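The structure under discussion appears below in the form of structure tokens.
Quick caveat, the model's predicted, so the values are computed rather than measured.
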Amino acid sequence: MKDKVTIHTLKRLKQSGQKICMVTAYDATFARVFDEAGADVLLVGDSLGMVVQGHDSTLPVTMDQMVYHSAAVVRGTKRALVVGDLPFMSYQVSVEEAVRNAGRMVAEGKVGAVKLEGGAEFANVISAIVRASVPVMGHLGLTPQSVHKMGGYVVQGRDEDAARQILEDAIALERAGCFSLVLEGVPLELARTISQRLTIPTIGIGAGKYCDGQVLVCYDLLGMNPDFKPKFVKRYANLHGSMTEAVGTFFSEVRAGSFPDEEHSFKSKPIRLVPSNPEGEPTTAEGAEKMGPVYGAPV
């Protein structure tokens, strides 16, 4: 296994010109697959509110839910740096509450860093969290927690004033102590300017090729929702089709009585079923088979 990825690893990758690979994960099984595939960063995104819970935004996600999913992802990860989102209203109320919730993500969720959305107005929050020894990843551009303020999921920074504000916010977040910055839904020219201006790595999603790394929601890149087709997503698989076909075949075989067959059934020597012994302990038939591994854990 390669060395464990840390925030210092990401800075070295930027300095060497090597792109950073980040993908979202929400459970241990997916985390294990992505980690083994070579992910540098696994983001436990509050996007789980949409892709896992079925909401139409990230806003309903709670701290308890983020802690739960973060801990699951960490258990499935060996190499990648795990970053957990701070959900809506977990850091906006006060600096003290922001530090407390960031601490929960590290102490209970076991993440190596947290991510929060917003610009210079959160510089004091970021500085306080960093002083508490919790690394912070920033997030600018299209910030889903501000969907109502932005008037929808629309590209940000297209005019000169808006672009200048995002650049100034990026500089402010670096000064506040962020170790990295997600740029979402901004023109590639703006992302290039920010990436060249900052010493910390930028990770883009819908921000073009000039960022220091890229991130996608795992369900999107795996093609698990055929109805979601944003311009910035490239599908590297069609798991929706593959899973539908596989499960449909299972249903057909069950209805036809062809599954389970002898290959997928347990056998034993001829036995005589007897009641429990006088002490009340159930008798054990000789030759009985064990169930075998369950979700990767040997019996």
Side-chain angles (χ1 to χ4, degrees), residues 14 19-20 22-24 41 43 45-51 55-61 83-92 98 113-126 136-217 219-221 225 228-234:
K14 177 183 175 78
K19 297 291 187 179
I20 297 166
M22 183 163 88
V23 65
T24 66
V41 184
L43 172 64
D46 59 1
S47 49
L48 68 88
M50 304 174 76
V51 299
H55 297 297
D56 59 3
S57 75
T58 65
L59 302 181
V61 178
V83 178
D85 263 338
L86 288 178
F88 183 59
M89 298 309 292
S90 66
Y91 60 93
Q92 292 94 335
V114 300
K115 181 174 76 65
L116 60 80
E117 301 177 8
E121 67 273 21
F122 291 106
N124 62 330
V125 171
I126 292 168
V136 178
M137 175 181 285
H139 185 156
L140 292 174
L142 196 168
T143 48
Q145 292 180 17
S146 303
V147 59
H148 297 310
K149 177 181 178 181
M150 294 184 300
Y153 298 101
V154 294
V155 176
Q156 303 293 303
R158 277 184 158 158
D159 63 72
E160 186 174 340
D161 289 341
R164 183 179 297 108
Q165 183 61 60
I166 294 175
L167 173 58
E168 291 175 357
D169 282 337
I171 294 171
L173 294 192
E174 180 177 33
R175 288 174 177 168
C178 283
F179 72 89
S180 181
L181 181 65
V182 170
L183 295 174
E184 179 172 1
V186 301
L188 78 167
E189 297 89 353
L190 175 58
R192 174 168 57 181
T193 299
I194 293 173
S195 300
Q196 292 173 343
R197 184 71 176 271
L198 302 184
T199 62
I200 60 174
T202 60
I203 300 176
I205 176 169
K209 65 181 182 179
Y210 298 111
C211 294
D212 300 304
Q214 298 292 327
V215 60
L216 283 177
V217 172
Y219 289 0
D220 296 344
L221 75 89
N225 181 359
F228 186 62
K229 302 176 181 179
K231 177 181 177 64
F232 63 86
V233 169
K234 180 177 180 179

What distance do [X] atom [atom1] and [Y] atom [atom2] have between them, rounded to the nearest 0.5 Å?
| X | Y | atom1 | atom2 | answer |
| --- | --- | --- | --- | --- |
| I203 | I20 | CD1 | CD1 | 5.0 Å |
| Q156 | T143 | CD | OG1 | 7.0 Å |
| E174 | T199 | CD | OG1 | 3.5 Å |
| Y91 | E117 | OH | CD | 5.0 Å |
| L183 | L190 | CG | CG | 7.5 Å |

Sequence neighbours excluded, the answer for side-chain hydrogen bond (donor to acceptor under 3.5 Å, both in side chains) partners of E184 is H139
Between [X] and [Y], which heavy-atom pair has the shortest distance, and what is it?
| X | Y | result |
| --- | --- | --- |
| L59 | P144 | CD2-O, 4.4 Å |
| T24 | V217 | OG1-CA, 3.3 Å |
| C211 | A191 | SG-CB, 3.8 Å |
| P201 | F179 | CD-O, 3.3 Å |
| I200 | D212 | O-OD2, 4.0 Å |
| L221 | V23 | CD2-CG2, 3.6 Å |

Only residue of T58, D46, D85 satisfying side-chain hydrogen bond (donor to acceptor under 3.5 Å, both in side chains) with Q145 is D46
Does either side chain, that of Q165 or that of D161, offer a donor lying less than 3.5 Å from an acceptor on the other one? no
Q.
Whether the side chain of Y210 engages the backbone of I194 through a donor-acceptor N/O pair (distance < 3.5 Å, no angle test) should be reported.
A. no
- Item | Main-chain N/O of T202 paired to K14 side chain as donor or acceptor, under 3.5 Å | no
- prompt: Within a reach of under 6.0 Å around CD of E121, are more than 12 heavy atoms found that belong to other residues, nucleotides or ligands?
  reply: yes
Looking at D159, I'd like to know if its CG atom is crowded, meaning that more than 12 non-hydrogen atoms belonging to other residues, nucleotides or ligands lie closer than 6.0 Å.
yes
Review point. Is the shortest side-chain N to carboxylate O distance from R164 to E168 below 4.0 Å?
Key: no
Answer yes or no: is there a side-chain heavy-atom contact under 4.5 Å between [X] and [Y]?
| X | Y | value |
| --- | --- | --- |
| L198 | I171 | yes |
| M22 | V182 | yes |
| K234 | Q214 | no |
| L216 | F232 | yes |
| F122 | Q92 | yes |
| N225 | V51 | no |

Between L48 and M50, is the side-chain contact (heavy atoms from CB on, under 4.5 Å) condition met? List the steps. CA-CA 5 Å; L48 68 88; M50 304 174 76; over 6 Å; no
